[in-house]
Protein chains: 2
Amino acid sequence: MVQDSIRVLQAQGYKVTKPRRQVLEILEEAEESLSPYDIQRLLRQQGKHLNHVTIYRILDLFCSLNLVHRILLSGGFVKCTLSNKEGCHRFMVCYHCGATQEFVDQQLCLQESKSTQNLGFHTQYHFSESSGLCSACYKKQLQKQEEAQPQSNR
Amino acid sequence: MVQDSIRVLQAQGYKVTKPRRQVLEILEEAEESLSPYDIQRLLRQQGKHLNHVTIYRILDLFCSLNLVHRILLSGGFVKCTLSNKEGCHRFMVCYHCGATQEFVDQQLCLQESKSTQNLGFHTQYHFSESSGLCSACYKKQLQKQEEAQPQSNR
DNA sequence: CCGTAATCGCAACACTGTTGCATTTAAGCT
DNA sequence: AGCTTAAATGCAACAGTGTTGCGATTACGG
Ligand SMILES: [Mn+2]
Ligand SMILES: [Mn+2]
Ligand SMILES: [Zn+2]
Ligand SMILES: [Zn+2]
């Protein structure tokens with residue numbers, strides 16, 4: 001919820017400005033990650049106009065507060081859907097439709113830390129994204145394959 | 001080894017050109033990941049001169065052949081140190097000295113796939129980087145802390 | 001050594017991200 | 001509601017990163 005993020009801003013002493021609200025709302029609606037310029041375009045389509053510098057600064061702030069994450073595979077940003085949930089926040093990114101879903105897996109986190117520790121590395125955080133097909137796109141692809149190669153038994 | 005990479009190029013029908021050799025050699029020496037422009041700078045210091053477009057194209061090719069990987073945390077490239085070893089190639093990146101180390105953990109890979117599958121996602125590959133301190137930098141930091149706060153018992 | 005497809009260099013451009021400074025605005029206080 | 005002021009935004013200018021088209025060069029097989 002946008003409202004939750006606004007409370008975090010207030011709690012930390014940051015102003016709740018119109019540009020910040022607008023960026024939050026755009027990210028809230030999006031299924032896929034959005035680049036700063038994507039955000040600018042989408043807002044412009046709604047008659048709202050933000051300077052790209054402003055968008056960069058807002059995204060920096062939101063990231064530092066963990067209200068937003070940057071997806072490295074796509075270079076875009078998403079609104080965090082897990083609030084402050086314990087453990088590192090991971091992402092699945094559909095390479096077909098771009099849909100991005102966030103999740104936490106405590107066990108995975110632990111095992112990952114152990115692995116790197118065994119190699120003499122002192123991990124501060126990990127950073128994990130999976131690329132593949134979301135269930136919707138997977139089904140679509142199956143259908144296509146059936147059409148292309150119809151009924152082997154006729 | 002650079003030689004191994006050259007054999008892969010030949011085996012796939014790609015020419016072994018001077019620029020390609022030079023990029024391979026630079027990456028071979030490096031401890032940290034290098035951006036295309038880093039590579040250009042380093043080569044220039046050796047009196048070699050490559051156009052940045054050429055470097056981009058060479059890196060694209062190498063990545064497509066898995067001779068080189070892009071590190072997303074730093075935006076740079078490293079030479080693969082594991083040849084075609086089974087499983088996804090992961091990275092530990094020291095945020096102090098930039099040293100980058102590659103490793104494989106089959107178990108981790110499996111668990112990660114299982115996790116995403118349980119969420120209805122069909123993973124094609126994952127992408128995993130850990131940020132932290134390499135053992136050398138970790139030791140250095142411990143020493144510093146001791147100096148800053150000497151002998152609690154005096 | 002030659003012919004040729006592959007590769008490279010160059011120029012021009014598009015996209016992404018940053019900095020400094022003047023102007024505006026949110027929010028706390030009368 | 002108006003006043004004050006630190007925080008935030010807009011603007012301009014710039015730096016860094018990545019891409020495209022095309023003509024010139026080069027690796028390599030014959
Ligand atoms: Mn999150
Ligand atoms: Mn590798
Ligand atoms: Zn999808
Ligand atoms: Zn280090």
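So you know, we letter chains A, B, ... as the sequences are listed, proteins then strands, and number each from 1.
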Which heavy atom of K79(B) sits nearest to which heavy atom of V68(B), and what is that distance?
CA-CG2, 4.2 Å
OP1 or OP2 of dT16(C) versus the side-chain N and O atoms of R70(A): is any pair under 4.0 Å?
no
Go through it in stages, so that I can follow the logic: the residues are D38(B) and R41(B), the test is salt bridge (Lys or Arg N to Asp or Glu O under 4.0 Å), and I'd like the CA-CA distance, side-chain angles, deciding distance and then a yes or no.
CA-CA 5 Å; D38(B) 289 337; R41(B) 268 185 290 277; 2.9 Å; yes
Between N51(B), I58(B), L59(B), which is the residue that forms a side chain to side chain contact (heavy atoms under 4.5 Å, CB included) with I55(B)?
L59(B)
Grab the CG-P distance between D60(B) and dT17(D) for me, whole Å please.
16 Å
Students often get this wrong, so: under 4.0 angstrom with heavy atoms, is Y37(A) touching a base, only sugar-phosphate, or nothing?
base
CG of L24(B) versus P of dT7(C): gap in Å, rounded?
14 Å
Examine the base of dT18(C) for any acceptor or donor lying under 3.5 Å from a partner atom in the side chain of H52(A), and report the outcome as yes or no.
yes
Checking dT7(C), dT20(D), dG9(C) against the side chain of N51(B) (C-beta onward), the nearest is dG9(C)
Has the side chain of R57(B) got a donor or acceptor atom sitting under 3.5 Å from an opposite partner on the base of dG9(C)?
yes
T54(A) side chain vs L50(A) backbone, donor-acceptor pair below 3.5 Å
no
Name the residue closer to the 5' end of DNA chain D, choosing between K18(B) and G75(B) according to the nucleotide with the nearest heavy atom.
G75(B)
Gap between atoms CD1 and C1', on I55(B) and dT19(D) respectively (whole Å)
15 Å
Considering only dC8(C), dA8(D), dT9(D), which nucleotide approaches the side chain of T54(A) most closely?
dT9(D)
With a 3.5 Å distance limit and no angle check, can you tell me whether S83(B) reaches the backbone of T81(B) through a side-chain donor-acceptor pair?
no
Nucleotide dA5(C), atom P - distance to CD of Q12(B) in whole Å
21 Å
Taking atom C1' of dT7(C) as reference, at what distance in whole Å does atom OH of Y14(B) sit?
12 Å
Can you identify which nucleotide, out of dA26(C), dA5(C), dT9(D), has its nearest atom closest to the K15(A) side chain?
dA26(C)
Closest nucleotide of DNA chain D for R20(A) versus for T17(B): which of these residues is on the 5' side?
R20(A)
With respect to the side chain of V16(A), which nucleotide from dA27(C), dG18(D), dC10(C) is positioned closest?
dA27(C)
Rounded to whole angstroms, how far apart are CD1 on I71(B) and P on dT17(D)?
16 Å
From CZ of F62(A) over to C1' of dT9(D), roughly how many Å is that when rounded to an integer?
14 Å
What is the separation between atom CD1 on I6(A) and atom P on dA27(C), rounded to the nearest whole Å?
10 Å
Does Y56(A) place a side-chain N or O at less than 4.0 Å from the phosphate oxygens OP1/OP2 of dG17(C)?
yes
